[in-house]
Q: 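Please find one structure pasted underneath; my questions will follow.
Naming convention: chains lettered A, B, ... in sequence-line order (proteins, then strands); numbering from 1 in each chain.
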2 protein chains.
Amino acid sequence: MAVTLKDIAEKVGVSESTVSRVLNGIPKASSETRERILKVAEELGYYPNDLARSLAKQKTHIIGVIITDISNSYFASVTGGIEEIASLFGYSLIISATGGNENEELKYINILKEKRVDGIIFMSGRMPHSCEQALLDTGIPTVVVARKVKSSLPSIHIDNIGESYKAVEYLIKLGHRRIAIISGTFADKESGYHRLLGYKNALADYELPFEEELIEEGDFKMDSGRRAMEKLLKLKELPTAVFAASDAMAVGAIKAIKKAGLRVPEDISVMGFDNNVISQACDPELTTIGQPVKDLGRKAIEMLYKIIQGKKLEKMAIYLPCELIIRNSTKSLI
Amino acid sequence: MAVTLKDIAEKVGVSESTVSRVLNGIPKASSETRERILKVAEELGYYPNDLARSLAKQKTHIIGVIITDISNSYFASVTGGIEEIASLFGYSLIISATGGNENEELKYINILKEKRVDGIIFMSGRMPHSCEQALLDTGIPTVVVARKVKSSLPSIHIDNIGESYKAVEYLIKLGHRRIAIISGTFADKESGYHRLLGYKNALADYELPFEEELIEEGDFKMDSGRRAMEKLLKLKELPTAVFAASDAMAVGAIKAIKKAGLRVPEDISVMGFDNNVISQACDPELTTIGQPVKDLGRKAIEMLYKIIQGKKLEKMAIYLPCELIIRNSTKSLI
DNA sequence: GAAATTAAGTCAAGCGCTTGTCTAAATTAA
DNA sequence: TTAATTTAGACAAGCGCTTGACTTAATTTC
């Protein structure tokens, strides 16, 4: 069906290997045959078969990306960063969504193995041991994004504890003393848990009392923020500020506060985390911690590329700084 | 390096073809050899090389997806729908982002050709003739999403004219007579243009005057919505309702209205289009037209699958209905 | 019991490209 | 002039898997 090297070779009257070399720019042909080959290739509309080439060269120029959910803006943005740099390096991306399901994760790791991808970027689920082992067993260069890793897998993160500390510290410096937190899921010991830890650390460092009643657990989504805030609003003594571990929950909290007839930030300051698109859509616009989502992706693929190139990584775990973004949902009490 | 059929064949003492057949479940072996092969394959940790298989079978089980930008929530959602069904069908996705740049689009079409993908889903840019021709020339089954197509390429859409009509009609039925529109880019004759058309049609059908001063062009993004609204607010006679061709612009408009000291919807009703996440984050929550983004993706891959299977499509262009979602940004004047 | 059928495999070509080795001619060196 | 290099290209093995055609032995048919 499609035109092959053989077709060109026959038409020009040379061997396949010569055609291959010419087409790959390997200097081993007289300029005369070179031109004839190029001309015939053009005429016939030749384009290489990357499968055959990959098989012969043992590399595919494909990176496998395993994420939880493409339509989630966080993953979409990180993936955007990955793709931006990958394309620069000449890599294509195979993207698989697992829904955070361990079996799916294992399944996709396997598929990527069979497809002989040159590298894998993993950012799905809670990084169960089985997955980590499976990734190691592939023998394929791998970088893990935003998931704590036990083994020697290279990874890239944000410092959830430190960044959350930064958020709470900001509130404290605005003069707030009674600060509630709407945390993310913390059972999984990932970001939700760490952001709560940062909150605790900040309180401790500034010698503020830690009170159970000021802690509500959410699931990072808007509705849980709303519900959590409704509970907080029932306290005898209201907090003057609320730190939500995600922008979505922060928006939910704002809605609850407004519904209760209070104002943000006049009555209660609200702070988010993520700096995703809704932080600028809500009213008031959210003060938040801006995650460098694109950069996480960019940096991940850069690390991966180094590994593929056989270079040593300076650091096995990289932490990217976040940015404190001050908008209108927080006010100074001083 | 990796274990091959040959390794298994040698160890078991049979031919490669027998191993291949057993591993593919083709009934042509005694249950005894079958079991020995399976056992050895297990022991050796064999997993197939999909490149070799694809080369031999002339199919890759890969679908190429060409989009403008992964981090854009619209594309991310459509892609999410694609991936959901694709994985069910046993397909992997190669995703490329073009930034809407024609040269990039052509480049990626070429890469997908070389990678011998089994199908292509295209939803990027303004569908220049060159791309359409390039897609046709690949000879690879292709489905186009949300882009007007001249040729015989199958496509899937929403009816921008009709849905926009529906939005404006809703406002009219609420008693609004002076309705402004913040349209998307209309030079490209794609969705922006069609949504404007729907607006005009609705006015005409309900015998409302069409006034130039009530039309502002935006670029679908929030800021342009804000700026457009600021202009509209300078009119001697204000509109009582504004239809924005995207939620983002609608949110921008709301911000401008509030800043001017007016209220939504009490003073001016605002309507959006898309039903993306910000439509529920803003205040008030947006009445909008909900695009079936996931379904666009799902349906696209289903169409593509049919074509790959060699089946005939009943329709070359499918239109999916949107949903009128009524929230709090619009009010009745009656 | 001979012929026909089936079962269980083997053989080898083919998918399309790469690349190390070899050859013959042309060029350079001495 | 002859030997040593270089150049231009051919040859063939190899990447790992699939699959149609063929072979041999076992089973069934009449």
Side-chain angles (χ1 to χ4, degrees), chain A residues 1-38 40-41 44-62 110-118 139-140, chain B residues 1-38 40-41 44-62 110-118 139-140:
Chain A
M1 198 78 290
V3 181
T4 70
L5 285 189
K6 197 170 159 209
D7 299 326
I8 300 179
E10 279 171 3
K11 186 143 181 188
V12 176
V14 295
S15 74
E16 268 184 69
S17 49
T18 301
V19 178
S20 169
R21 290 190 165 105
V22 166
L23 260 28
N24 284 300
I26 295 168
K28 219 179 180 188
S30 67
S31 50
E32 197 216 344
T33 48
R34 156 173 266 84
E35 278 179 19
R36 276 172 48 224
I37 289 173
L38 258 22
V40 171
L44 263 38
Y46 173 82
Y47 57 99
N49 182 323
D50 215 45
L51 285 175
R53 174 179 282 171
S54 293
L55 182 59
K57 300 189 81 149
Q58 304 275 63
K59 56 170 77 171
T60 53
H61 285 280
I62 296 178
N110 223 46
I111 289 180
L112 294 179
K113 234 165 75 174
E114 297 184 355
K115 292 217 181 291
R116 260 60 183 180
V117 296
D118 290 348
I140 301 173
Chain B
M1 196 79 289
V3 182
T4 69
L5 285 189
K6 197 171 158 206
D7 299 325
I8 300 178
E10 278 170 5
K11 186 145 182 187
V12 176
V14 295
S15 73
E16 267 184 70
S17 46
T18 300
V19 177
S20 168
R21 290 192 165 104
V22 165
L23 260 29
N24 284 300
I26 295 169
K28 218 180 180 185
S30 65
S31 50
E32 196 215 344
T33 47
R34 156 174 265 83
E35 278 179 18
R36 277 172 48 225
I37 290 173
L38 258 22
V40 171
L44 263 36
Y46 173 83
Y47 56 99
N49 183 322
D50 214 46
L51 286 175
R53 174 180 281 173
S54 292
L55 182 59
K57 302 190 79 150
Q58 303 276 64
K59 58 171 75 172
T60 53
H61 285 277
I62 295 177
N110 224 45
I111 290 180
L112 294 179
K113 235 165 74 173
E114 296 184 357
K115 292 220 180 288
R116 259 60 181 180
V117 297
D118 290 348
I140 300 173

Q: Can you see if the side chain of Q58(A) gets near the phosphate of dG16(D) - specifically, an N or O under 4.0 Å from OP1 or OP2?
A: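 The answer is yes; a side-chain N or O of Q58(A) sits under 4.0 Å from OP1 or OP2.
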Q: Check the phosphate of dC15(D) against N49(B), side-chain N and O only, distance under 4.0 Å to OP1 or OP2. Yes or no?
A: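 Indeed not, no polar side-chain atom of N49(B) lies that close.
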Q: Write down the atom of K115(B), the atom of H61(A), and the distance for their closest heavy-atom approach.
A: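 Scanning both residues, the minimum pair turns out to be NZ-O, 4.2 Å.
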Q: Tell me whether S20(B) contacts the main-chain N or O of E16(B) through its side chain, where contact means a donor paired with an acceptor under 3.5 Å.
A: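 Not a single qualifying donor-acceptor pair exists.
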Q: Picking from dC15(C), dC17(C), dA21(D), which would you name as closest to the side chain of R21(B)?
A: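 Within the option list, the nearest is dA21(D).
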Q: How long is the line joining CD of E16(B) and P of dT18(D), in whole Å?
A: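 Checked: the CD to P distance equals 10 Å.
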Q: Is the phosphate of dC17(D) approached by Y46(B) (side-chain N or O, under 4.0 Å from OP1 or OP2)?
A: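 Yes, within the criterion.
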Q: Atom NZ of K115(A) and atom P of dC17(D): how far apart are they, to the nearest Å?
A: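 Between P of dC17(D) and NZ of K115(A): 14 Å.
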Q: With respect to the phosphate group of dT19(C), does any side-chain polar atom (N or O) of S17(A) fall under 4.0 Å of OP1 or OP2?
A: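 No, because none of the side-chain N or O atoms of S17(A) sits under 4.0 Å from OP1 or OP2 of dT19(C).
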Q: What closest approach, in Å, do N49(B) and R116(A) show between heavy atoms, and which atom pair accounts for it?
A: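 The answer is CA-NH1, 3.4 Å.
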Q: Starting from C1' on dT18(C), measure out to CG on L23(A) and report it in whole angstrom.
A: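 So the two atoms are 12 Å apart, to the nearest Å.
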Q: Could you tell me whether S20(A) contacts a base, only the sugar-phosphate backbone, or nothing, with contacts defined as non-hydrogen atoms closer than 4.0 Å?
A: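 Answer is base: heavy atoms of S20(A) come under 4.0 Å of a base.
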Q: Does the base of dG9(C) carry an N or O that pairs as donor and acceptor with the side chain of R36(B) under 3.5 Å?
A: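 Looking at the base of dG9(C), it does not pair with any donor or acceptor on the side chain of R36(B) (distance under 3.5 Å).
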Q: Can you tell me how far C1' of dC11(D) sits from NZ of K6(A), to the nearest Å?
A: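 Distance check: K6(A) NZ to dC11(D) C1' gives 15 Å.
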Q: Can you see which heavy atom on L23(B) is nearest to which on I37(B), and at what distance?
A: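 The pair with the smallest heavy-atom distance is CD1-CG2, 3.9 Å.
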Q: Does any non-hydrogen side-chain atom of V19(A) lie less than 4.5 Å from one of V12(A)?
A: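 Sidechains of V19(A) and V12(A): no contact.
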Q: Rounding to an integer number of Å, can you tell me how far I8(A) CD1 sits from dC17(C) P?
A: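 Result: 8 Å.
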Q: Among dT18(D), dT18(C), dT10(C), find the nucleotide with the atom closest to the side chain of V14(B).
A: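 Output: dT10(C).
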Q: Where each residue is assigned the nucleotide of DNA chain C containing its nearest heavy atom, which of P48(A) and T33(B) is assigned the position nearer the 5′ end?
A: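 So the residue in question is T33(B).
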Q: Hey, does D50(A) reach any base, or is it just sugar-phosphate, or nothing, if we go heavy atoms under 4.0 Å?
A: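 Here D50(A) touches no strand at all.
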Q: From the list dC15(D), dC15(C), dC17(D), which nucleotide is the closest neighbour of the side chain of L55(B)?
A: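 Per side-chain heavy atoms of L55(B), the pick is dC15(C).
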Q: Using OP1 and OP2 only, check whether a side-chain N or O of T18(B) sits under 4.0 Å from dT10(C).
A: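 The answer is yes; a side-chain N or O of T18(B) sits under 4.0 Å from OP1 or OP2.
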Q: In whole Å, I'd like the distance from the CD atom of E10(B) to the C1' atom of dC17(D).
A: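 Going from CD in E10(B) over to C1' in dC17(D) covers 15 Å.
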Q: For the residue pair L51(A) and L51(B), what are the closest heavy atoms and their distance?
A: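 The answer is CD2-CD2, 3.9 Å.
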Q: With a cut-off of less than 4.0 Å, is there a side-chain N or O of S15(A) near OP1 or OP2 of dA10(D)?
A: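 Yes, such a contact exists.
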Q: Who does dT19(D) pair with, Watson-Crick or G-U, both distances under 3.5 Å?
A: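 Paired with dT19(D), as far as the under-3.5 Å criterion goes, is dA12(C).
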Q: Rounding to an integer number of Å, can you tell me how far R116(B) CZ sits from dG16(C) C1'?
A: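 For the pair R116(B) CZ and dG16(C) C1', the rounded distance is 9 Å.
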Q: Rounded to whole angstroms, how far apart are NZ on K59(A) and P on dC17(C)?
A: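 Result: 18 Å.
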